[in-house]
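Reading through the structure tokens given below for one structure.
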Protein chains: 2
Amino acid sequence: MSSEQPAKKRISESTIHRLSMYYRTLSLLQKEGYETVSSKELANREKLTPAQVRKDLSFFGSFGTRGLGYDVNELKAKIGEILGIDRQWKLAIIGIGNIGSALVNYKEFSRQGFSIVKLFDNDQRKIGSNHKGIIVSDIKNLDKEIAEDGIEMVIITVPATVAQYMVDDVVRAGVKAILNFAPINLKVPPNVYLRNENMSMELEYLSFAIVNNHTPKNSK
Amino acid sequence: MSSEQPAKKRISESTIHRLSMYYRTLSLLQKEGYETVSSKELANREKLTPAQVRKDLSFFGSFGTRGLGYDVNELKAKIGEILGIDRQWKLAIIGIGNIGSALVNYKEFSRQGFSIVKLFDNDQRKIGSNHKGIIVSDIKNLDKEIAEDGIEMVIITVPATVAQYMVDDVVRAGVKAILNFAPINLKVPPNVYLRNENMSMELEYLSFAIVNNHTPKNSK
DNA sequence: ATTTTCATGTGAAATGGTTCACAAGAAATT
DNA sequence: AATTTCTTGTGAACCATTTCACATGAAAAT
């Protein structure tokens with residue numbers, strides 16, 4: 001008995017990012033009291049084309065009404081579902097330095113359903129300290145505590161020199177996705193998702209743009 | 001007398017990001033004692049194809065030696081020049097909250113030649129306080145102080161509700177590029193470069209990936 | 001009820017980005 | 001000096017993404 005895969009078309013990274021943008025804009029439209037919105041209006045707010053908006057959505061179904069547009073609440077719920085943010089995700093932060101401790105208090109995460117439930121460090125001076133109500137745990141207990149809390153994602157904010165070790169630990173503990181802030185190319189097995197957040201890279205892009213008078217088609 | 005533009009080909013955002021990656025890897029290769037490197041080796045380290053590496057570089061000139069590869073020091077210098085990071089950039093941070101104050105101490109910025117020289121806030125309790133040797137200035141003095149120091153880029157880490165006002169001020173003060181952390185679509189005139197850093201979006205991507213068992217071609 | 005207006009959903013076309021494949025040229029080897 | 005080995009640089013081919021353009025269908029207006 002062969003279990004058929006549902007012939008999933010490959011969705012581009014850009015489409016998924018735009019879904020995030022639509023989601024955020026739909027939240028705003030809700031607050032502004034809109035009941036429906038057209039692909040045109042949605043596109044205007046993101047500096048995209050209406051066709052782009054419609055095409056993005058069409059990969060996942062047809063959610064609009066011809067002649068009318070999309071129901072704001074409904075579309076938001078639908079995109080939330082697609083993105084998998086129609087629930088709470090529990091996260092841990094590994095490395096409670098500058099960036100790590102800033103992210104503990106980052107409102108935008110909780111607002112989107114990402115809740116930081118555990119903090120880890122290897123520095124004895126930090127272990128036991130309290131950040132926004134969370135006690136920093138010893139990295140040695142990672143395995144046990146990740147399993148206990150059912151944590152599926154972690155944020156890595158340790159120095160580049162130790163990042164790979166932390167990732168190995170975290171992978172062993174069964175984590176499914178990692179957001180990495182260390183400026184290094186990490187290795188993860190194919191069943192673990194990795195994203196790199198590289199803030200210097202963004203500044204370098206700006207530097208390039210100024211120096212070269214760059215006019216990209218569609219910049220972040 | 002018409003001033004001819006040098007028919008600059010449009011470089012893609014991805015190419016520029018990859019240049020940043022090459023730059024970082026070349027720094028590492030320097031430390032490891034390599035004198036030359038092939039496109040193949042460079043590609044392996046970034047999980048790219050050798051053709052991609054060569055094509056990226058070819059947009060800017062030909063820097064290698066056939067049969068031998070690229071001189072590590074030379075190529076690094078060349079890419080540094082292209083990216084415009086062969087010099088110091090002076091930056092200010094607007095909004096000294098969680099994220100803002102974390103970035104003041106962010107080593108990776110200074111390492112790449114981005115030096116934070118001014119901090120601004122509108123909160124009287126923060127103004128005058130010392131972060132890593134820098135005194136937080138009143139946002140009211142933005143214009144004067146930006147001009148004084150010749151600051152060309154700023155990082156915006158204020159709440160979304162006030163971000164547009166800050167951007168307007170900063171643009172008026174003559175800033176050329178903005179790295180924005182507020183989760184909102186900002187408006188800037190066409191001669192000002194804007195990049196948005198949206199960390200929730202990265203988590204949402206991971207959420208999508210887990211839920212949909214996503215296998216993108218080439219993920220960040 | 002009929003017509004007009006509007007905006008979706010989607011194949012097809014156009015554009016943009018990546019990979020292939022190979023000629024060219026430099027260094028190493030015979 | 002000639003040959004072999006290696007790796008670059010780049011048009012051409014390929015693949016992915018975006019935009020176009022229009023048939024379709026729902027709502028509003030007559």
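Naming convention: chains lettered A, B, ... in sequence-line order (proteins, then strands); numbering from 1 in each chain. Predicted, not measured: the structure shown is a model, and the values here were computed from it.
Residues meeting the side chain to side chain donor-acceptor pair (under 3.5 Å) test with N185(A), sequence neighbours left out: R24(B), E46(B). Scanning for side chain to side chain donor-acceptor pair (under 3.5 Å) contacts around Q164(A) gives D168(A), with sequence neighbours left out. In this structure, N44(A) has no side chain to side chain donor-acceptor pair (under 3.5 Å) partners at least two apart in sequence or on a different chain. A search for salt bridge (Lys or Arg N to Asp or Glu O under 4.0 Å) contacts involving D149(B) returns K118(B), not counting sequence neighbours. In this structure, the ring-ring contact (aromatic ring centres under 6.0 Å, His included) partners of F208(A), at least two apart in sequence or on a different chain, are H214(A). For R45(B), the side chain to side chain donor-acceptor pair (under 3.5 Å) partners at least two apart in sequence or on another chain are E32(B), E41(B). Partners of Y70(A) according to the ring-ring contact (aromatic ring centres under 6.0 Å, His included) rule, which considers only residues two or more places apart in sequence or in another chain, do not exist here.
The NZ-C1' distance, from K55(A) to dT17(D), rounds to 10 Å in whole Å. Rounded to whole angstrom, the span from the CZ atom of F63(A) across to the C1' atom of dT10(C) amounts to 15 Å. Distance K78(B) NZ to dG9(D) P: 12 Å, rounded to the nearest Å. Atom pair D56(A):CG and dT17(D):C1' shows a separation of 10 Å (rounding to whole Å applied). When the C1' atom of dG16(C) is taken as reference, atom CZ of R10(B) falls 10 Å away, rounded to whole Å. The distance between atom CG of N44(A) and atom P of dA7(C), rounded to the nearest whole Å, is 12 Å. Rounded to a whole Å, the CD atom of Q52(B) is 14 Å from the P atom of dT8(D). Remark: P of dG9(C) and CZ of F60(A) are 14 Å apart, rounded to the nearest angstrom.
For residues 35-43 of chain B, proximity to DNA chain D is found at S38(B), S39(B), defined as any non-hydrogen atom under 4.0 angstrom from a strand atom. Of the residues in residues 66-77 of chain A, those placing a heavy atom less than 4.0 Å from an atom of DNA chain C are R66(A), G67(A), L68(A), G69(A), Y70(A), in numerical order.
At the phosphate of dG17(C), neither OP1 nor OP2 sits under 4.0 Å from any side-chain N or O atom of S14(B). Taking side-chain N and O atoms only, T49(B) has a distance below 4.0 Å to OP1 or OP2 of dT19(C).
Remark on DNA chain D: of its neighbouring residues T15(A) and R54(A), the 5'-side contact belongs to T15(A), judged by nearest-heavy-atom nucleotide.
Between the side chains of E204(B) and S20(A), at least one donor-acceptor pair of N or O atoms lies under 3.5 Å.
With a 6.0 Å cutoff to the six-membered ring centre and a 45° limit on the axis angle, K76(B) counts as a cation-pi contact of Y23(B).
With dG16(C), dT17(D), dT19(D) as the candidates, the nucleotide lying closest to the side chain of S12(A) is dT17(D).
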